[in-house]
Structure formats: C-alpha cells, structure tokens
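Okay, structure first, notes after.
Treat the numbers as computed from the prediction; the structure is a model and nothing was measured. In the text below, chain A, chain B and the rest are named by the order of the sequence lines, each starting its count at 1.
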Amino acid sequence: MPDTAPPVSPDSAPFRARVLALVERIPAGRVMTYGQLATLAGSPGAARQVGYIMNTVAESELPWQRVINAQGAVSTDKLGFGDIQRGLLVAEGIAFDASLRCDLKRLQWWPDEEEAGGQTGLF
DNA sequence: TGCTTGACATGCT
DNA sequence: AAGCATGCCAAGC
C-alpha cells in the first residue's frame, strides 16, 4: 500500500538537479549562460544559484566548463581557474576574442535544437 | 525559522 | 568601455 507518497516527482525535483541535468546535455563546442539555465530550470533570475551549484560539482564529470555568463565570458577568473575553463572550451572549438569573450549568438545552445534534429542558425 | 552567502544579470555613472 | 551598486533566488548554518 502506498503508505508513502513519492518524496519528489521529476517536476518538483530540486532546482539543483534540474540545472545539473541541463548542463549534462550541453553538447561539446556549445555553451549556456547562468541566466538561461536558471530560466530553463524554472526559476528566472536564479542565475547566481546556478553558479553556486556549479561550484559544488566542479569536480564532477559534468561539462561545467560550458556554463558561462551572459557576457560570453567565463566567471571563474577570480576563482583561479578561468584559464583552465577557457582552455577546455578552446579545445572544443570555441574561440575567444581579445576581451576573453566568445560569440554567444553563435555558440549559445538551446535544448530545443536537440528536438529540432540539428543546429539552428548555424551558418 | 530567519539571516547570510554567492562561478550572475541589469542599469546607471 | 569599464566599474560600481542593486536585485534575484536557492542553499547552508
């Protein structure tokens, strides 16, 4: 007998779990912003939380390197491994300009592209 | 339960 | 263009 209701349903999964699930789906050579992840996770404006979460999984196997800020730059410079993050992204084919920023319009990934069956707006 | 912290975002100077 | 201050929301204590 169902004496115990489901503790958590997928929809009510912790904000953190949703963000991590999205990050895990970012394809190589693409990036997502903190604000975008927060919005997709169901909480627009919780961008800071996304960064906080990433800090707890930085040693995980998640492609944390593909999460950057809305300015197209990494936010890990003050943490001491900004160069490492950029290096990982460059290795995936992402280019940074003199201001250490990449072209978000071209590299920002959207989950819908997965269902669309291909890249959209590339070229 | 309530206060403080943050890998951000946005606006203004 | 770059720096400073404020707003946001979830997690930790």
Quiz item: Does any donor-acceptor pair link the side chain of A:Y34 with the base of B:dA7 at a separation under 3.5 Å?
Solution: yes
Quiz prompt | Separation of B:dA7 C1' from A:L62 CG (nearest whole Å) | solution = 14 Å
Quiz item: Tell me, which pairs form a side-chain hydrogen bond (donor to acceptor under 3.5 Å, both in side chains) where one or both residues lie in residues 32-47 of chain A, sequence neighbours left out?
Solution: A:Q36-A:Q108
Practice problem: Classify the nucleic acid contact of A:N69 as base, sugar-phosphate or nothing, counting any heavy atom under 4.0 Å across all strands shown. | Solution: sugar-phosphate
Quiz item: Rounded to the nearest Å, what distance is computed from the CG atom of residue A:D77 to the P atom of nucleotide B:dC8?
Solution: 11 Å
Practice problem: Identify whether A:L100 and A:L88 are in the same connected component of the hydrophobic contact network (ILVMFWY, side-chain heavy atoms under 4.5 Å). | Solution: no
Could you list all N or O pairs between the protein and nucleotides 11-13 of chain B that sit under 3.5 Å apart?
none

Self-check item: 5'-to-3' dot-bracket of DNA chain C (Watson-Crick, G-U; under 3.5 angstrom; crossing pairs as [ ]; | other strand)
Solution: .||||||.|||||
Exercise. Linking directly or through intermediates, with side-chain heavy atoms under 4.5 Å: list the remaining ILVMFWY members grouped with A:I94, chain and number order.
Key: A:V31, A:I68, A:V74, A:L89, A:V90, A:F96, A:L104, A:L107
Practice problem: State which residues pass side-chain contact (heavy atoms from CB on, under 4.5 Å) with A:D103; sequence neighbours excluded, sorted by chain then number. | Solution: A:K105, A:R106
Practice problem: Hey, could you give me each pair passing salt bridge (charged side-chain N to carboxylate O under 4.0 Å, His left out) that has a residue in residues 89-100 of chain A? Not counting sequence neighbours. | Solution: A:R66-A:E92
Quiz item: With sequence neighbours left out, which residue pairs that include part of residues 36-81 of chain A fulfil the ring pair (Phe, Tyr, Trp, His ring centres under 6.0 Å) condition?
Solution: A:W64-A:F81
Self-check item: Any side-chain heavy-atom pair of A:R18 and A:L37 under 4.5 Å
Solution: no
Quiz item: Rounded to whole angstroms, how far apart are CG on A:L79 and P on B:dT5?
Solution: 17 Å
Quiz item: Which residues pass the salt bridge (Lys or Arg N to Asp or Glu O under 4.0 Å) test with A:E24, sequence neighbours left out?
Solution: none
Practice problem: Using the test side chain to side chain donor-acceptor pair (under 3.5 Å), find all partners of A:D83 that sit at least two apart in sequence or belong to another chain. | Solution: A:R86
Quiz prompt | Value rounded to 0.5 Å, distance of OG1 in A:T76 from CD in A:Q85 | solution = 4.0 Å
Exercise. For each nucleotide in nucleotides 6-13 of chain C, reading 5' to 3', give B when a protein heavy atom comes within less than 4.0 Å of its base, S when such contact involves only the sugar-phosphate, and - otherwise.
Key: -BBBBSS-
